[in-house]
Amino acid sequence: MTGDFLKAVMLTGSIKSSGTRRARAEGVVCALRWLITLATLTAVFVSWPVAAATDVLVVIAQKGPAHEEALAALRARLADVPAKELALRVMTAAEFSDSGPRATDQKLPGLVVTLGTDAAATVLRQKLPAPTFCTFLPQTAYAALVNGAGGERAQLSALYLDQPFVRQLRLIRLALPGRTRVGMVLGPDSQKSERGLRRAAAAAGIVLRLEQISDEKQLVGALHRVLDETDVLLAVPDALVFNRHTAQSVLLTTYRLGKPVAGYSRAYVTAGALLAVYSTPAQIGRQIGDELLAMLDKPGRPLPAPGYPRYFSIEINERVAHSLGLELGRAEDLARRLAETTAETIHE
């Protein structure tokens with residue numbers, strides 16, 4: 001094919017130029033450039049040939065307890081699947097970056113699963129021609145990565161780490177049925193979700209009061225304005241509003257005003273929030289396994305739509321509940337009731 005192409009270019013050049021050396025030279029240069037580009041692409045993809053669809057590469061952000069817990073749950077979910085039907089390979093983002101698609105001893109997998117934002121960013125930079133399922137990362141992080149990656153979005157999907165807004169708001173309705181006025185302070189990250197928050201509030205029967213800030217110094221004032229008109233503060237992930245530097249200020253302010261905080265992680269409850277709905281690494285790993293099993297059952301099945309965790313847990317700070325004079329019941333009972341009301345909210 002390439003020989004015919006070169007001949008055609010040289011032949012065309014000789015006809016059009018009527019023997020002119022300059023035109024012939026330009027034609028040869030163009031042909032050689034095209035051949036070099038083709039050879040480079042061929043070297044990349046041939047050195048990592050496409051494997052069967054059952055070959056899954058799992059790239060984790062780094063080795064640590066959370067990722068190991070997710071991997072253990074994933075492997076447990078797939079324990080009954082024969083190795084010939086589904087082969088898992090695991091590497092860290094650093095290992096993947098070092099080897100990449102040019103690793104001669106590797107094959108291009110049928111599916112790439114990433115755990116964590118750093119792992120997803122590393123893989124998407126390579127622009128591999130393989131479906132990629134990004135997991136264990138916030139929705140805002142995935143949106144930013146996809147917008148920056150370009151390429152074929154049909155080959156990408158995600159399982160977010162955070163919870164759908166309607167699930168968080170319905171938890172407040174279930175745990176605190178008399179408190180329907182919910183306040184939120186939004187920063188640059190969470191402001192992008194305002195429309196979705198308002199839709200979720202309407203669906204959950206919640207009256208939402210929002211304050212927006214662009215500087216950490218505005219936080220305490222915004223908290224007071226919101227809490228003057230609401231019964232509960234809902235915290236959502238935002239690097240400016242809720243971080244290790246502001247957590248104490250947020251929790252002390254709400255505690256002094258006698259207003260509970262619904263958080264987004266177990267750690268936030270331990271620090272002083274009243275309750276939170278969150279997904280453990282094991283629950284994320286279990287759902288990844290569910291999706292892989294579904295793909296095995298239906299070969300050629302496309303990636304699931306980007307969505308939120310199906311499995312979740314609820315944590316309650318009993319000490320804070322007692323100090324606020326609140327009786328919430330058992331966390332397990334709340335989780336069961338919440339699952340019954342939000343089963344349809346796992347996808348965007």
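- Counting only distance, with no hydrogens or angles, the side chain of Lys259 and the backbone of Thr230 share a donor-acceptor pair below 3.5 Å.
- Hydrophobic clustering (side-chain heavy atoms under 4.5 Å, transitive across Ile, Leu, Val, Met, Phe, Trp, Tyr) keeps Tyr264 apart from Phe136.
- Not one N or O on the side chain of His67 forms a donor-acceptor pair closer than 3.5 Å with the backbone of Ile60.
- Judged by distance alone, the side chain of Asp238 and the main-chain N or O of Leu186 form no donor-acceptor pair under 3.5 Å.
- Around OH of Tyr255, the count of heavy atoms belonging to other residues, nucleotides or ligands within 6.0 Å does not exceed 12.
- Of all heavy-atom pairs spanning Val112 and Ala130, the tightest one is CG2-CB, 4.5 Å.
- Looking at Arg89 and Asp55, a side-chain N of the basic residue comes within less than 4.0 Å of a carboxylate O on the acidic one, giving a salt bridge.
- Side-chain N/O atoms of Gln212 and Gln218 include no donor and acceptor closer than 3.5 Å.
- A distance of 9.5 Å separates CD in Glu194 from CE in Met184, rounded to the nearest 0.5 Å.
- The heavy-atom pair separating Ala273 from Gly263 by the smallest distance is CB-N, 4.2 Å.
- Neither Leu252 nor Val250 shares a network with the other; the hydrophobic side chains, linked directly or stepwise wherever heavy atoms of I, L, V, M, F, W or Y lie under 4.5 Å apart, form separate groups for each.
- Using a 4.0 Å cut-off between charged nitrogen and carboxylate oxygen, Arg336 and Glu340 count as a salt-bridge pair.
- A side-chain donor-acceptor contact under 3.5 Å links Arg173 to the backbone of Ala204.
- In this structure, a donor-acceptor pair under 3.5 Å is absent between the side chains of Thr132 and Gln155.
- Looking only at side-chain heavy atoms (C-beta outward), Val90 and Arg75 come within less than 4.5 Å of each other.
- The backbone N or O of Phe133 lies less than 3.5 Å from no partner atom in the side chain of Ser157, so there is not a single donor-acceptor pair.
- Between Phe165 and Val236 the shortest heavy-atom distance is CE2-CG1, 4.1 Å.
- The side-chain heavy atoms of Val185 and Leu210, taken from C-beta on, include no pair separated by under 4.5 Å.
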Item to check | Working for side-chain contact (heavy atoms from CB on, under 4.5 Å), residues Val81 and Leu296 | outcome: CA-CA 10 Å; Val81 180; Leu296 278 179; 3.7 Å; yes
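- Between Ala66 and Pro281, the shortest heavy-atom contact is O-CB, 3.2 Å.
- Annotation for Leu208 and Leu197: closest pair CD2-O, 3.9 Å, computed over non-hydrogen atoms.
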Next on the checklist: side-chain contact (heavy atoms from CB on, under 4.5 Å) for Leu74 and Leu88? Distances and angles first, verdict last.
Outcome noted: CA-CA 10 Å; Leu74 169 59; Leu88 285 183; 4.2 Å; yes
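- Looking only at distances, a side-chain donor or acceptor of Thr92 sits under 3.5 Å from a matching main-chain atom of Glu95.
- Here the side chains of Met91 and Leu57 are in contact, with some heavy-atom distance below 4.5 Å.
- Within a 6.0 Å sphere centred on CD of Glu216, heavy atoms belonging to other residues, nucleotides or ligands number more than 12.
- Ile206 is not listed as a side-chain neighbour of Arg198, based on a closest heavy-atom distance of 4.5 Å or more.
- Summarising the geometry, atom CG belonging to Asn147 is positioned 9.5 Å from atom OH belonging to Tyr142; distances are rounded to the nearest 0.5 Å.
- With rounding to the nearest 0.5 Å, the separation of CD in Gln287 from CG in Leu159 is 4.5 Å.
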Next on the checklist: Applying side-chain contact (heavy atoms from CB on, under 4.5 Å) to Leu274 and Leu176, what does each step give before you reach the verdict?
Outcome noted: CA-CA 11 Å; Leu274 175 65; Leu176 303 165; 4.1 Å; yes
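- Contact check for Leu111 versus Leu303: side-chain heavy atoms found under the 4.5 Å cut-off.
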Item to check | Derivation of the side chain to side chain donor-acceptor pair (under 3.5 Å) call for Asp290 and Tyr311 | outcome: CA-CA 11 Å; Asp290 289 347; Tyr311 308 112; 2.5 Å; yes
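- Interatomic distance, Arg170 CZ to Arg337 CZ, rounded to the nearest 0.5 Å: 13.0 Å.
- Expressed to the nearest 0.5 Å, how far CG of Leu292 lies from CG of Asp297 amounts to 11.0 Å.
- Tyr278 and Tyr308 are not part of a single hydrophobic cluster, where members link through side-chain heavy atoms under 4.5 Å apart.
- What you find for Asp118 and Ala93 is that their closest heavy atoms are O-CB, 4.3 Å.
- Both Leu328 and Val182 sit in one connected hydrophobic cluster of ILVMFWY residues. Membership requires side-chain heavy atoms under 4.5 Å apart, directly or through other members.
- The pair Arg286-Glu291 fails the salt-bridge criterion, with no side-chain N (NZ, NE, NH1 or NH2) lying under 4.0 Å from an Asp/Glu carboxylate O.
- Tyr268 places a side-chain heavy atom less than 4.5 Å from the side chain of Val261.
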Checklist entry - Given the rule in the side chain to side chain donor-acceptor pair (under 3.5 Å) test, do Gln283 and Ser313 qualify, once you have shown the distances and angles that lead to the verdict? => result CA-CA 9 Å; Gln283 289 168 331; Ser313 300; 3.0 Å; yes
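- Taking 4.5 Å as the limit, every side-chain heavy atom of Pro138 sits out of range of all side-chain heavy atoms of Tyr160.
- Of the inter-residue distances, the one linking Leu137 atom CG with Leu161 atom CG reads 8.0 Å to the nearest 0.5 angstrom.
- The side-chain contact (heavy atoms from CB on, under 4.5 Å) test with Thr254 singles out one residue from Val320, Val232, Leu233, Val226, and that residue is Leu233.
- Follow the hydrophobic side-chain contacts under 4.5 Å out from Leu240 and you never reach Val220; the two are in separate clusters.
- Between the side chain of Thr140 and the main chain of Asp189, no donor-acceptor pair closer than 3.5 Å is present.
- Of the possible donor and acceptor atoms, none in the side chain of Asn317 sits under 3.5 Å from a partner among the backbone N and O of Leu275.
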Checklist entry - Given Gln163 and Leu171, is the side-chain contact (heavy atoms from CB on, under 4.5 Å) satisfied, shown in steps? => result CA-CA 11 Å; Gln163 303 295 309; Leu171 173 60; over 6 Å; no
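- Between Phe312 and Leu338 there is a side-chain heavy-atom pair separated by less than 4.5 Å.
- Applying the 6.0 Å contact sphere to CD of Glu332 captures more than 12 heavy atoms from other residues, nucleotides or ligands.
- The environment of Arg266 atom CZ is sparse: at most 12 non-hydrogen atoms of other residues, nucleotides or ligands sit within 6.0 angstrom.
- Distance alone, capped at 3.5 Å, places no donor-acceptor pair between the Arg225 side chain and the Glu211 backbone.
- Heavy-atom contacts from other residues, nucleotides or ligands closer than 6.0 Å to CG of Asp80 number 12 or fewer.
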